Amino acid sequence: MKSRYLLIMTALLAAAVLITSCAKDTIEAETFGSIGGIVLDGETDEGIVSANITTTPATNAILSENGGQFTLEEVPTGNYTISARKNGYKNSSVSVAVREGKTASAFVVMQPDDEEPDSTVTMDEFEASITSWFNDAEGDSSFADVNYRVSNNSDSGNISEYEVYFEVETNSGTTFFFDVAGEDLRAGQSRNGNLRGYIRDNEATDVIISDIWISEN
């Protein structure tokens, strides 16, 4: 009798576990829909091609096609923010709700960005440094050979003209002054140069950059 009771209880427990498992699977089953939309220019109402489309929560990242259309397939149901980005336009976003087996519509309007990128280069973004120097003699004449490097550390601004000023200290106590000039140093560009300064019959003991100058853009 006891064994039969234990058998019945075991069977009931197994059935309960099976029912709970099935219910859990049913609750956690994921459902999907899709998102179809278009990206439009806010001034011309024309479709914007190659706008970068992303969603929050994240799904796929795609580019809008000709005419500005885009489609996201197999999107889990739920609420999403659709964001569009493209150079020359201000970022824009809309919210949609994805339902099972349905296609949510997203119309994203992007306004042209009329702001010009900052092309101003500050003195702090122009860098000049001495990479090496040495004494060189030709007959009774002496020269200080200086290798230097200039860099435009700006992200967007170009330098049309620049000057670098050098001081050469010598063993006689005499200081010689030299300068070099350059043009068209683009944003992010670096350039190496050489200065050969005549110091008569002296020998250079130190070379420094005393000052720099860049043109106003």
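The residues of the chain are indexed from 1 along the displayed sequence. Remember, predicted model here, so these are calculated numbers, not experimental data. For the numbers below, each heavy atom of this structure counts, side chains included, while hydrogens, waters and symmetry mates do not.
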Between R149 and S190, does the side chain to side chain contact (heavy atoms under 4.5 Å, CB included) criterion hold? Intermediate values first, please. CA-CA 7 Å; R149 182 179 180 86; S190 295; 3.2 Å; yes

Does any non-hydrogen side-chain atom of T175 lie less than 4.5 Å from one of T170? no

CZ/R186: more than 12 non-hydrogen atoms of other groups inside 6.0 Å: no

From L185 atom CG to E183 atom CD, the distance as rounded to the nearest 0.5 Å: 11.5 Å

Test your reading of the model: is there a side-chain donor-acceptor pair from N158 to the backbone of A187, 3.5 Å cut-off? yes

Show the nearest heavy-atom pair for residues A144 and V168, with the distance to one decimal. CB-CG1, 4.1 Å

To the closest 0.5 Å, what do you measure between CG (L40) and OG (S64)? 10.0 Å

Heavy-atom side-chain contact between D201 and S141 under 4.5 Å: no

Linking I/L/V/M/F/W/Y whenever their side-chain heavy atoms sit closer than 4.5 Å, directly or via other members, would Y89 and I38 fall into one cluster? no

Assert yes or no for the condition that the ring centre distance of Y162 to F126 is strictly below 6.0 Å. yes

Expected list for residues 65-81: side-chain donor-acceptor pairs under 3.5 angstrom, two or more places apart:
{"unit_1": "T77", "atom_1": "OG1", "unit_2": "T31", "atom_2": "OG1", "d": "2.8"}
{"unit_1": "Y80", "atom_1": "OH", "unit_2": "P76", "atom_2": "O", "d": "2.6"}

Side-chain donor or acceptor of T56 paired with backbone N/O of A58 under 3.5 Å: no

Is the backbone N or O of N153 less than 3.5 Å from a side-chain atom of S151, with the two atoms forming a donor-acceptor pair by type? no

Under the 3.5 angstrom rule, does the side chain of N152 hit a backbone N or O of Q189 as a donor-acceptor pair? no

Is the distance between the ring centroids of F143 and Y198 less than 6.0 Å? yes

Using the rule ring-ring contact (aromatic ring centres under 6.0 Å, His included), only one of F177, Y148, W133, F176 pairs with F166; which is it? Y148

Distance-only, no hydrogens or angles: does the N194 side chain make a donor-acceptor pair with backbone N or O of V146 under 3.5 Å? yes

Path from M123 to Y165 over hydrophobic side-chain contacts below 4.5 Å: no

Out of curiosity, does I212 fall in the hydrophobic cluster containing V180 (side-chain heavy atoms, cut-off under 4.5 Å, transitive links)? yes

To the nearest 0.5 Å, how far apart are CG in N147 and OG in S132? 3.5 Å

Does R196 pair with D145 as a salt bridge, N-O distance under 4.0 Å? yes

Is a side-chain donor or acceptor of T205 paired with a backbone partner of E169 at a separation under 3.5 angstrom? yes

Would you find a donor on one side and an acceptor on the other, under 3.5 Å apart, between the side chain of N135 and the backbone of A204? yes

Please name the pair of heavy atoms, one in N52 and one in A61, separated by the smallest distance, quoted to 0.1 Å. OD1-CB, 4.5 Å

Is K86 reaching over with its side chain to a backbone N or O of V49, donor-acceptor style, under 3.5 angstrom? yes

